[in-house]
Amino acid sequence: MSEVKRRDLLAGVAAFAGFATVGLLPGTAAAATRQRPGATLPPSLTAGDKAVVARVDARRALRHLEVLSNEIGWRVAGTPAEHRAARYIAEYLRDLGYKVELQPFPVADKYLAEIHARGERPWQCSASPQGAVASVHGEVVDVGRVTEVTGDVRGRPVLFDRVVGMETEQAKAAADAGASAALIINARSVTYPERKPGSFTPNLKAPVAIPVLGLAEYHGERIRAGARQLSFEVTHHSGLTSYNVLAERKSSLPNPEGKAVIVSAHYDSVPGSPGGNDDGSGTALCLELARVLKRLPTQQAIRICLWASEEYGLIGARHYVKQLDEAGVKQITGCFQNDMVATSHPPAETYWLLSVDGADNTTTAAVNAAARRLGYVDQTEGPTARGSSDHEAFHERGIPAGNFSWRGNEAPSQLEPLYHTPEDTIAQNVSLERLQVSLELIGCAAYDVARRK
């Protein structure tokens with residue numbers, strides 16, 4: 001039998017399997033043939049595409065995102081919240097029937113503060129390692145963008161606007177004046193002034209005897225809006241371990257070379273951010289596609305990989321790739337990395353296909369082909385050269401990999417204003433329609449590759 005006929009037969013079996021349960025899901029057989037959400041052209045789907053589209057549902061994915069972003073919240077590398085997210089992900093994948101491994105690796109200490117203010121949900125921010133590890137309670141004194149403190153601030157936390165490069169002077173001025181803490185509101189980037197700054201770690205030139213916090217702009221806004229009475233505790237998290245969550249279902253057809261397709265995302269977030277879009281959306285996409293792909297016939301194994309500690313330098317993905325021998329590298333036919341796949345930011349109308357070197361590879365070509373079949377010919381762009389996500393680790397070992405993300409038309413480096421902030425929430429920064437499009441594009445593309453010998 002020719003390869004084309006074999007794949008057509010496999011696709012037909014998949015379509016039958018997909019339509020067997022359509023009565024249970026919003027994605028019906030009829031829905032699989034109508035124009036896709038936001039598409040400019042009607043679809044021209046293969047039988048394999050129909051099997052995916054008939055099953056995949058952004059509303060199901062949103063349930064996972066609600067747990068990750070709303071219930072667990074900040075998922076900072078190595079902390080108990082990141083571990084809680086790993087357990088949730090692993091348990092769900094095991095329940096689907098995947099073989100699941102939690103892959104541990106050490107990560108650096110974290111200094112974090114949880115802040116409580118009357119009428120507000122708790123906030124989180126980074127704290128300076130050179131500041132005190134202590135609890136503070138008091139009414140904030142707002143001194144603005146200065147490096148000296150005048151007036152009586154004894155026993156009270158002092159609020160500064162950040163003077164970049166002068167954080168040590170600001171913290172020392174607060175300590176010398178008898179303040180109980182220095183709270184420094186992050187400043188907007190000169191390069192990207194439209195982007196609201198998140199929490200930051202104040203790295204001081206010398207130790208100070210009081211806690212020093214790096215607040216997000218949002219925190220400063222809330223304090224200045226009236227949340228002046230604060231209580232918080234700085235915690236030094238040490239001896240930390242992060243865990244990649246690695247899941248696999250074997251191929252349903254003979255796979256003598258042990259080939260595998262990876263669908264991945266990172267599940268951690270930066271301090272202070274619930275990571276709704278970055279990258280709770282990518283994680284939710286992976287969990288939904290794990291459900292959709294679990295019983296569809298494939299020539300290759302399906303691996304669902306959720307990386308930890310991405311936000312501190314792609315640590316989890318690099319650890320995974322470092323453990324692979326050359327035979328393990330050759331088995332991976334492509335890694336579809338999904339990072340920020342559901343932003344509701346209006347200008348983010350382009351679905352970018354990003355490879356580290358800007359060259360086409362198995363993953364970017366498969367997504368472009370899926371986009372044409374689904375009717376999204378004007379919404380995709382690339383491949384375009386960009387790293388800065390976990391696909392870098394795979395590219396470094398010569399494994400075909402792409403990062404897939406909604407961003408503005410102007411350039412893939414232009415992100416939504418709520419990137420890495422406390423406002424990266426489901427309510428403020430997640431589009432169900434864009435999540436659905438992402439699910440269909442990656443689902444159809446990854447399944448197409450998984451059906452190849």
Side-chain angles (χ1 to χ4, degrees), residues 74 76 79 108-190 193 195-238 270-273 312 420-423:
W74 327 297
V76 180
T79 65
D109 290 7
K110 307 292 185 300
Y111 290 80
L112 302 169
E114 185 167 311
I115 305 172
H116 296 267
R118 184 176 297 173
E120 302 279 338
R121 294 188 67 178
W123 308 329
Q124 185 196 57
C125 69
S126 294
S128 173
Q130 295 82 33
V133 175
S135 298
V136 172
H137 177 81
E139 186 177 358
V140 172
V141 179
D142 188 353
V143 297
R145 193 175 184 275
V146 299
T147 57
E148 295 181 357
V149 175
T150 59
D152 184 7
V153 299
R154 286 174 294 180
R156 299 170 67 186
V158 174
L159 183 69
F160 296 91
D161 289 303
R162 184 182 186 184
V163 180
V164 178
M166 300 290 285
E167 297 88 355
T168 304
E169 288 75 9
Q170 291 179 308
K172 189 174 184 301
D176 290 348
S180 61
L183 315 180
I184 305 175
I185 304 169
N186 203 356
R188 293 207 177 200
S189 161
V190 174
R195 191 181 299 165
K196 296 185 73 171
S199 175
F200 74 104
T201 302
N203 287 307
L204 308 181
K205 302 168 190 171
V208 296
I210 60 174
V212 182
L213 309 188
L215 302 184
E217 182 178 300
Y218 170 82
H219 300 141
E221 291 171 347
R222 299 309 305 152
I223 292 169
R224 286 171 173 162
R228 297 278 180 145
Q229 195 73 30
L230 304 181
S231 62
F232 61 85
E233 181 176 2
V234 175
T235 302
H236 175 199
H237 299 268
S238 61
V270 297
S273 175
Y312 285 85
H420 279 185
T421 73
E423 295 168 278

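This is a predicted model, so every value here is computed, not measured.
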Between CD on residue Glu139 and CZ on residue Arg156, distance to nearest 0.5 Å: 5.0 Å
More than 12 heavy atoms of other groups within 6.0 Å of Gln229 CD: yes
Point-to-point distance, once rounded to the nearest 0.5 Å, from CD of Glu217 to CZ of Arg195: 13.0 Å
Criterion side-chain contact (heavy atoms from CB on, under 4.5 Å) against Leu215, the qualifying member of Ile115, Ile184, Asn186: Ile115
Value rounded to 0.5 Å, distance of OG in Ser135 from CD in Glu114: 11.5 Å
Check against side chain to side chain contact (heavy atoms under 4.5 Å, CB included), Thr147 and Phe160: CA-CA 8 Å; Thr147 57; Phe160 296 91; over 6 Å; no
CA sep, side-chain torsions, deciding dist, call: Gln124, Leu112, side chain to side chain contact (heavy atoms under 4.5 Å, CB included): CA-CA 7 Å; Gln124 185 196 57; Leu112 302 169; 3.8 Å; yes
CA sep, side-chain torsions, deciding dist, call: Lys205, Gln130, side chain to side chain contact (heavy atoms under 4.5 Å, CB included): CA-CA 8 Å; Lys205 302 168 190 171; Gln130 295 82 33; over 6 Å; no
Any donor-acceptor N/O pair, Gln170 side chain to Val146 backbone, under 3.5 Å: yes
Minimum heavy-atom distance His219-Cys125, with the two atoms named: CE1-CB, 4.1 Å
Backbone of Ile223 reached by a side-chain donor or acceptor of Glu120 within 3.5 Å: no
Heavy-atom closest pair, residues Val234 and Pro211: CG2-CB, 3.9 Å
Thr201 side chain reached by Pro129 side chain, heavy atoms, under 4.5 Å: yes
Test item: Ser273 side-chain N/O and Val270 main-chain N/O as donor-acceptor pair under 3.5 Å: no
Flag, side chain of Thr421 to backbone of Glu423, donor-acceptor distance under 3.5 Å: yes
Heavy-atom pair with the smallest gap, counting every atom of Ala171 and Ala182: CA-CB, 4.1 Å
Side-chain touch Phe232/Trp123, heavy atoms, less than 4.5 angstrom: no
Minimum heavy-atom distance between Ser231 and His137, given as atom pair plus value: CB-ND1, 3.4 Å
Shortest non-hydrogen contact from Val149 toward Ala174: CG2-N, 4.0 Å
Side-chain donor/acceptor of Asp109 to backbone N/O of Tyr111, under 3.5 Å: no
Main-chain N/O of Gly165 paired to Glu167 side chain as donor or acceptor, under 3.5 Å: yes
Thr168 side-chain N/O to Leu204 backbone N/O, donor-acceptor pair under 3.5 Å: no
Qualifying residue, where the test is side-chain contact (heavy atoms from CB on, under 4.5 Å) with Leu159 and the options are Ile185, Leu213, Leu230: Ile185
Backbone of Pro202 reached by a side-chain donor or acceptor of Ser128 within 3.5 Å: yes
Atom NZ of Lys110 with >12 non-hydrogen neighbours under 6.0 angstrom: yes
Taking every non-hydrogen atom, the tightest pair across Pro271 and Ser199: O-CB, 3.8 Å
